Structures are given as structure tokens and as C-alpha cells.
Amino acid sequence: MPYHSPEDLNRVVEAAKDARLVLLGEASHGTSEFYTTRAEITKRLIASKAIRFIAVEGDWPSCYEVNKYVKDLEDNEAKSAAEALRAFHRWPSWMWANREMEAFIEWLRSYNLGRPAGERIGFYGLDVYSLWESMQHIVDYLKQTESPLLDTALQAFGCFEPYGDDSQSYGISAGLIGEGCEEEIVALLHEMQRTRLGHPQSEAELNAMMNTMAAADAEHYYRTMVRGGPDSWNVRDRHMVRALRQLLDYHGPDARAVLWEHNTHIGDARATDMAADGMVNVGQLVREYYRPAQTFSVGFGTHHGHVLAGSAWGAPVEVMEVPAAIRGSWEDLLGRAGGGENMLLLFDADAQPELREVFGHRAIGVVYDPGYELGNYVPSRMPMRYDAFVFIHETHALEPLALPQMV
């Protein structure tokens, strides 16, 4: 079906109306239309169902600064969305600190301010990279509350002091030499779970508990990352689902949520070649845990355009051209079938057996090499991977909030 205006997205919202979890993907981390379209779907979901929070592929501490702003919590210090989004200061900062997110975050704060404090929509991060930041937040919280666990935390975190803030050095030491801090940080997590923080009753307690989970799983992630293979990927996605479950528990048995993550996370891994490589992902795990009827996943893609990305990890961000989809790929099929128009697809695997074939489906990360285009496609059975798909024929790059890295 054609996709001409935001009102057409109501078809997706109607199809997802009974789901507890609505997973909204993206084929890249740097495409404007993916962000703005997810925002439009999310606004409609918030208006039509009991959505309690938005969870994204971002680190907990940075996203919590945005959460404080959109909920207008007592400890919020940001005066604007742009100021709150400055919390995303590590590469790739543009992934969340961009003009498209700024507009959505301002909308969400305005919406929330018209609601009672206990009914405001949260904004949280599920990712696992924040080892050092999360440890500092835990210490700060335990000091402020004069917790008897402060000494335990300081002793646990003292194990990390020789590595400074260098996760790569820690990963090499822990993963290859066996000199890690797993025992100390896991013991702290268990101690905190035995207190009331194991069942947080306030946003401050939730923040402390989620930072502890993030730190423990980040330690595991960096320890496995240096070994290669699927282990670190699986640690990361399993953490994101654990964090999601904690958030749902905190918000109550009727809570519903919207997830914003890359297609490679929200599209069921069992419908791709990831399964053969021993990899799981968020889309698979939530379907297994919550049953398919409680989840609804939406994939995104484009035929051609431009994207914001780096040529290597940590490289200056730049606007790159996304070439026309390779012949025979999913994006090429939709481009030809739609005659250059945007499209919305609602999948029914039984009624659409021809779509159960394996198609190459483009995936662009924060690091992108348009010259290696064939390697950017994931073999996929689309109706098994997603419940719906948004195809935008020509797309444009995100606009970062700050441009010091632009080349």
C-alpha cells in the first residue's frame, strides 16, 4: 500500500494496537526519515494505547538525562531538549543528539506536562556500553542515600581503577589474560538486588538498579568482545531484553512500551543468517518470552539516498551517499514494485507465500562503506522477521545537533 502522509501510518498503529511491545526499527543509525517516521508512529501509539515508556538503543545514563527532562523530574537540570541530548557525548553522538530527536523530545515533554506526574511517558536506554558512567552514577546514588552498600561498591569498583576509562584495555585484560572484575561487580549486583532496589519504587531507585545491571553486563560484554564470535552480541541483546523486562515490571502489569532499535536488533534473528552463526537478538527474545501476539515489529528500509555515518569507529561523521539497492534485493524489489513511491506493508506469511523467499535486506551501521555494498545485506525471510515494513524510496541524512566532526 502507498505511504504518502503521516495519516497513512494509522494502518500500522491499528495493526499494532493489541501488542504490549511495539518494536520500531531502522535500516541505519543516520537516516532522517527513519527517526521522523518512528516518531510519528510513536505519537499515534501514545495517543491510542497505554504506552508508559519508550526504550531505545542507547546507554542508560545518557537516556536517563532525557527521561528527567521529558518527565520534568525534580533533579532535572536541562532547560531544553538540545541541552538534555548533550548527554550523548561519546561517539557516535549523532545517533541520538540530532535535530530530529530534539523535535520529538520537545513534543514528548509538552505532552507529559499535560498529564499527572505518575502517568508521564518515560524515555530509557537499553544498551550496555556505559560501564564507567554507570559505576559513577551508582556511587553517587549510594553516597546521597547514605547506603550501607557504599563501601561494597567502592571496593568492587576499585578493581577497575588500573584501566581508567579504557574499556578496550579492560576487555583485553579480562578476556585474554583472565584478570577481570566479574566476581566483584556481580556480587555487588546481587547485594543491591537483595535490598529494596531489587524492586524499585521510585525513579531514583530505578536509576540506581538499572545502572547496576548495565555495569554488570557491560563488564561481561567487554570481557567477551575481544574473543570474537557471537558471544558479545548475545550478551548485549540479552541485556537489552533484561533491562526491558525490568522496566515493564517497574511500570506495572498493564504497561506497554515502544522500542526504537536497529533492524538487526528488532527483526527476529531466526529469519536471518544470524541464527546459523549462533546469534540471538531482541526481536527473537521478546517473541519467545512474551509470545508473538504480544509483540509487533516494524522494519524500515530505503532504496537510495544519503546517511550520516563514519568510515571507521571514532572517525569524523560525514554525509555519505547510499547507492541504489542492488538488483534482486528486498529494497530493489520494493523500489520496482512501488514505481518509486514510499510503501507500507503488513505481512501475513500464510497469505503471502512468495515473500517467504530469502532476500538480501540492507543494514547500515554507524560505520559504513558504500564501496562494500554487497556486504551490507542480510539474507532475510521478511514476513518471519517483521510484522510490517516501512519503505521510503529516497532518504536523507540526519542533522546532528553539533557539527564539530563534519567533514
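In this text, all values refer to a predicted model and were calculated from it rather than measured experimentally. The first residue of the sequence shown is numbered 1, and numbering continues consecutively from there.
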Worksheet item: For M209 and Q193, what are the C-alpha separation, side-chain angles and deciding distance, and is it a side-chain contact (heavy atoms from CB on, under 4.5 Å)?
Response: CA-CA 8 Å; M209 190 66 248; Q193 287 175 330; 3.6 Å; yes

Worksheet item: Just wondering, are more than 12 heavy atoms of other shown residues or ligands nearer than 6.0 Å to NE2 in H199?
Response: no

Worksheet entry | Flag for E219-Y170: side-chain donor and acceptor within less than 3.5 Å | yes

Fill in: N/O donor-acceptor pair under 3.5 Å between T224 side chain and Y221 backbone
yes

Discussion item. Could you go through C63 and F88, starting from their C-alpha distance and side-chain angles, then the distance that decides it, and tell me whether this counts as side-chain contact (heavy atoms from CB on, under 4.5 Å)?
Written reply: CA-CA 8 Å; C63 290; F88 296 94; 3.7 Å; yes

Worksheet item: Can you tell me if N207 and W60 form a side-chain donor-acceptor pair at under 3.5 Å?
Response: yes

Item to complete: Look at E14 together with R44 and state whether they make a salt bridge at an N to O cut-off of under 4.0 Å.
Response: no

Practice prompt. Flag the pair E373 and R362 as a salt bridge only when some basic side-chain nitrogen lies within less than 4.0 angstrom of an acidic carboxylate oxygen.
Written response: yes

Fill in: Any side-chain donor near an acceptor of the partner, Q246 and D249, under 3.5 Å
no

Discussion item. If you count heavy atoms of other groups shown closer than 6.0 angstrom to CD of E7, is the number above 12?
Written reply: yes

Worksheet item: Between W330 and E357, is a side-chain contact (heavy atoms from CB on, under 4.5 Å) present by the stated rule, with each step listed?
Response: CA-CA 10 Å; W330 174 248; E357 296 180 34; over 6 Å; no

Worksheet item: Under the criterion side chain to side chain contact (heavy atoms under 4.5 Å, CB included), which of V258, I41, I51 is the partner of I46?
Response: I51

Discussion item. In this structure, is the centre-to-centre distance between the rings of W233 and H265 below 6.0 Å?
Written reply: yes

Under 3.5 Å, sequence neighbours excluded: what are the donor-acceptor pairs made by side chains of residues 378-398?
| from | atom 1 | to | atom 2 | distance (Å) |
| --- | --- | --- | --- | --- |
| S380 | OG | V378 | O | 2.9 |
| S380 | OG | R385 | NH1 | 2.8 |
| R381 | NE | R356 | O | 3.3 |
| R385 | NH2 | N263 | O | 3.3 |
| Y386 | OH | H361 | NE2 | 2.9 |
| D387 | OD2 | S297 | N | 2.8 |
| D387 | OD2 | S297 | OG | 3.3 |
| T395 | OG1 | T302 | OG1 | 3.0 |
| H396 | ND1 | E33 | OE2 | 2.6 |

Practice prompt. Verify the distance criterion only: is there a donor paired with an acceptor across the side chains of E203 and N67 at less than 3.5 Å?
Written response: yes

Worksheet, complete the sentence: Contacts of R20 meeting salt bridge (charged side-chain N to carboxylate O under 4.0 Å, His left out) (sequence neighbours excluded), chain-then-number -> none

Discussion item. Does anything in residues 132-157 form a salt bridge (charged side-chain N to carboxylate O under 4.0 Å, His left out)? List the pairs, not counting sequence neighbours.
Written reply: R90-E133

Discussion item. The test is salt bridge (charged side-chain N to carboxylate O under 4.0 Å, His left out); show your working for R99 and E102 and say whether it passes.
Written reply: CA-CA 5 Å; R99 295 296 179 189; E102 179 187 21; 2.9 Å; yes

Item to complete: Flag the pair E57 and R236 as a salt bridge only when some basic side-chain nitrogen lies within less than 4.0 angstrom of an acidic carboxylate oxygen.
Response: yes

Practice prompt. Apply the test side-chain contact (heavy atoms from CB on, under 4.5 Å) to residues Y289 and Q294: give CA-CA distance (whole Å), side-chain angles for both, the deciding distance (0.1 Å), then the verdict.
Written response: CA-CA 9 Å; Y289 188 83; Q294 292 184 285; over 6 Å; no

Worksheet item: Counting only N and O atoms by type, is there a donor-acceptor contact under 3.5 Å from the side chain of S110 to the main-chain atoms of W107?
Response: no

